[in-house]
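Notes to accompany the following structure.
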Amino acid sequence: AAYRPKGYYDHREMLEKEELDAVVITTPLHTHYQLTMDSLSAGKYVFCEKTMCYEIEQARDIVKKCNEVGKWVQVGHQRRYNPLYNKAASLLLDEGIAGRIVHIDAQWHRNNDWRRPVNKDHKLNSQEARFIQDLERHMNWRLYKDTSRGLLTELMTHQVDIASWFLDAMPARVYGCGSQDYWRDGREIDDSINVIYEFDITPQNRGYRAINARSSYQDKIKINEPYTVQLVYSSLTANAKKGCSELIQGDQGTIELTEDGGSFYEEPTSKVSWGSSGGGSAEQTATVITSGGTLKLSNKAQQEGKPIKVDNDKSVDQLQFIRFAKDIKEGGTPKANQIVGLRATIMALAGFQAIAERRMVDIDPALYTFEFPTPDPSVVS
């Protein structure tokens, strides 16, 4: 028979009575902080689902607590353990397959009300009543501002984390807008959002790429000074056509990552032989438009991507927990560590503020820096 663990209503009682190596936290966002801090204080490693915290200062406290007690937190940004995303990171950062990344598009579009059904006949027992004042708000905590940050923390953090990872950078500023226009069912969070993050890229970032001049008008010195990459993100709840994907666009090609797999699409300027539909460089299949000094593909090379192949026989959820256990046993550090969790929290909450206040929000590097050593947030493998 399968092992059936003992249940507790109060996590503090569990931490006191059980002999545990680690704690897994899969509870509403606003509860993550206290559960994580109590677990770390009890000397446990922690797996906490994303987003790590409801407030930026809470996430900073967790990083400080990890340093204090000598433990770490793994956050549920499972793409960090997905072989496809690790392969894409290697292609972009180590091989430079896309050249200089110039833009990232990402979205998570759904068409449902995001509500969980509530059994109106359920009667809370005395223990449940200690923690639950309103069963509907408890079940649908994602829809209310005092327990969630909505689409930004429940969906977007997966993908802003990818952008930060692939660029090896944090955004410097964010703009955003959001609204509640479709469901209007008593929820407090927006049912659609659009956010733009600007990453300032310097030679200190692994995602930085120097380029050669392609036009006589280009300043050959200025083209390799620090530059900016925009991440444009949207999340909808009333149209699912575009689904969930990321498009990392460079001057030599594009990597597209979806729930069905990944592909590389070459640009006319690409020199990547394995990516070319014609077996050579994409320039061989291009037509030169001399009036503009640009190149345009004359065939389907730019439309048909080359699949990015990876070997894997396990689900991403399995992989992240396999690595969680391995890092505990072998003294490793998670790829999706507490600094990854902090940075994603900062990006999400800066975006939330930008939408709420209808203005540009600067992201201060002091929010994600500390006076003590912290784990690397850009590990590939």
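From a predicted model like this one, the values you see are computed outputs, not experimental measurements.
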Could you pull out all donor-acceptor pairs under 3.5 Å where a side-chain atom in residues 69-77 meets a protein atom, sequence neighbours excluded?
unit_1, atom_1, unit_2, atom_2, d
Trp72, NE1, Gly332, O, 3.0
Gln74, NE2, Gln320, O, 3.1

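- Ion pair Lys17/Glu13 flagged as a salt bridge, since at least one NZ, NE, NH1 or NH2 atom sits closer than 4.0 Å to an Asp/Glu carboxylate oxygen.
- Remark: side-chain polar atoms of Ser245 are not paired, donor with acceptor, to backbone N or O of Thr258 under 3.5 angstrom.
- To the nearest 0.5 Å, the span separating CE on Met347 from OH on Tyr233 amounts to 12.5 Å.
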- Item | His109 vs Ser234, side chain to side chain donor-acceptor pair (under 3.5 Å): CA-CA, chis, key distance, verdict | CA-CA 8 Å; His109 294 180; Ser234 63; 2.8 Å; yes

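- At least one donor-acceptor pair closer than 3.5 Å links the side chain of Asn125 to the backbone N or O of Glu128.
- For Phe131, the side-chain contact (heavy atoms from CB on, under 4.5 Å) test picks out Tyr9, Asp10, with sequence neighbours left out.
- With hydrogens and angles left out, the side-chain atoms of Tyr197 and Gln230 include no donor and acceptor closer than 3.5 Å.
- Side-chain atoms of Asp38 never come within 3.5 Å of backbone atoms of Arg12 as a donor-acceptor pair (strictly under, hydrogens ignored).
- Tyr227 meets the ring-ring contact (aromatic ring centres under 6.0 Å, His included) test with Tyr208; sequence neighbours excluded.
- Every ring-ring contact (aromatic ring centres under 6.0 Å, His included) that Phe370 has, sequence neighbours left out, goes to Phe372.
- Residues in residues 337-347 take part in these side chain to side chain donor-acceptor pair (under 3.5 Å) pairs, two or more places apart or across chains: Ser164-Arg343.
- Put simply, the side chain of Arg149 reaches to within 4.5 Å of the side chain of Leu29, judged on heavy atoms.
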- Determine, stepwise, if the pair Glu55 / Tyr33 fulfils side chain to side chain donor-acceptor pair (under 3.5 Å). CA-CA 9 Å; Glu55 298 283 1; Tyr33 172 69; over 6 Å; no

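- From Ile101, atom CD1 reaches atom CD1 of Ile248 across 7.0 Å, with rounding to the nearest 0.5 Å.
- Ion pair Arg115/Glu136 flagged as a salt bridge, since at least one NZ, NE, NH1 or NH2 atom sits closer than 4.0 Å to an Asp/Glu carboxylate oxygen.
- A search for side chain to side chain donor-acceptor pair (under 3.5 Å) contacts involving Thr153 returns nothing, not counting sequence neighbours.
- Asp181 and Ser179 form a side-chain donor-acceptor contact under 3.5 Å, judged by distance and modelled atom types alone.
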- Message: Could you walk me through whether Ser378 and Trp165 satisfy the side chain to side chain donor-acceptor pair (under 3.5 Å) test, starting with their C-alpha distance in whole Å, then the side-chain angles of each, then the deciding distance to 0.1 Å, before giving a yes or no?
- Response: CA-CA 5 Å; Ser378 60; Trp165 182 21; over 6 Å; no

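- Interatomic distance, Asn239 CG to Asn111 CG, rounded to the nearest 0.5 Å: 6.5 Å.
- Using a 4.0 Å cut-off between charged side-chain N and carboxylate O, Asp146 and Arg137 make a salt bridge.
- Stacking of Lys306 on the aromatic ring of Tyr265 is not recorded, the 6.0 Å distance cut-off and the 45° axial limit not both being met.
- A cation-pi arrangement is absent between Arg323 and Tyr81 under the rule of less than 6.0 angstrom and at most 45 degrees off the ring axis.
- Remark: Arg173 engages Glu198, Asp200 in a salt bridge (charged side-chain N to carboxylate O under 4.0 Å, His left out) (not counting sequence neighbours).
- Ion pair Asp327/Lys335 not flagged as a salt bridge, since none of the NZ, NE, NH1 or NH2 atoms sits closer than 4.0 Å to an Asp/Glu carboxylate oxygen.
- Take Asp260 and apply the salt bridge (charged side-chain N to carboxylate O under 4.0 Å, His left out) test, not counting sequence neighbours, and it matches no residue.
- Evaluation of the side chain to side chain donor-acceptor pair (under 3.5 Å) rule for Arg206 yields Asp94 as partners, not counting sequence neighbours.
- In this view, Asn119 and Asp121, His122 satisfy the side-chain contact (heavy atoms from CB on, under 4.5 Å) rule, not counting sequence neighbours.
- Of the candidates Thr51, Val174, Ile56, Leu349 forms a side-chain contact (heavy atoms from CB on, under 4.5 Å) with just one, namely Ile56.
- The ring-ring contact (aromatic ring centres under 6.0 Å, His included) test applied to Phe47 returns Phe321, Phe324, not counting sequence neighbours.
- Taking 4.0 Å as the cut-off between side-chain N and carboxylate O, Glu246 and Arg79 count as a salt-bridged pair.
- Under the salt bridge (charged side-chain N to carboxylate O under 4.0 Å, His left out) criterion, Glu225 pairs with no residue at all, not counting sequence neighbours.
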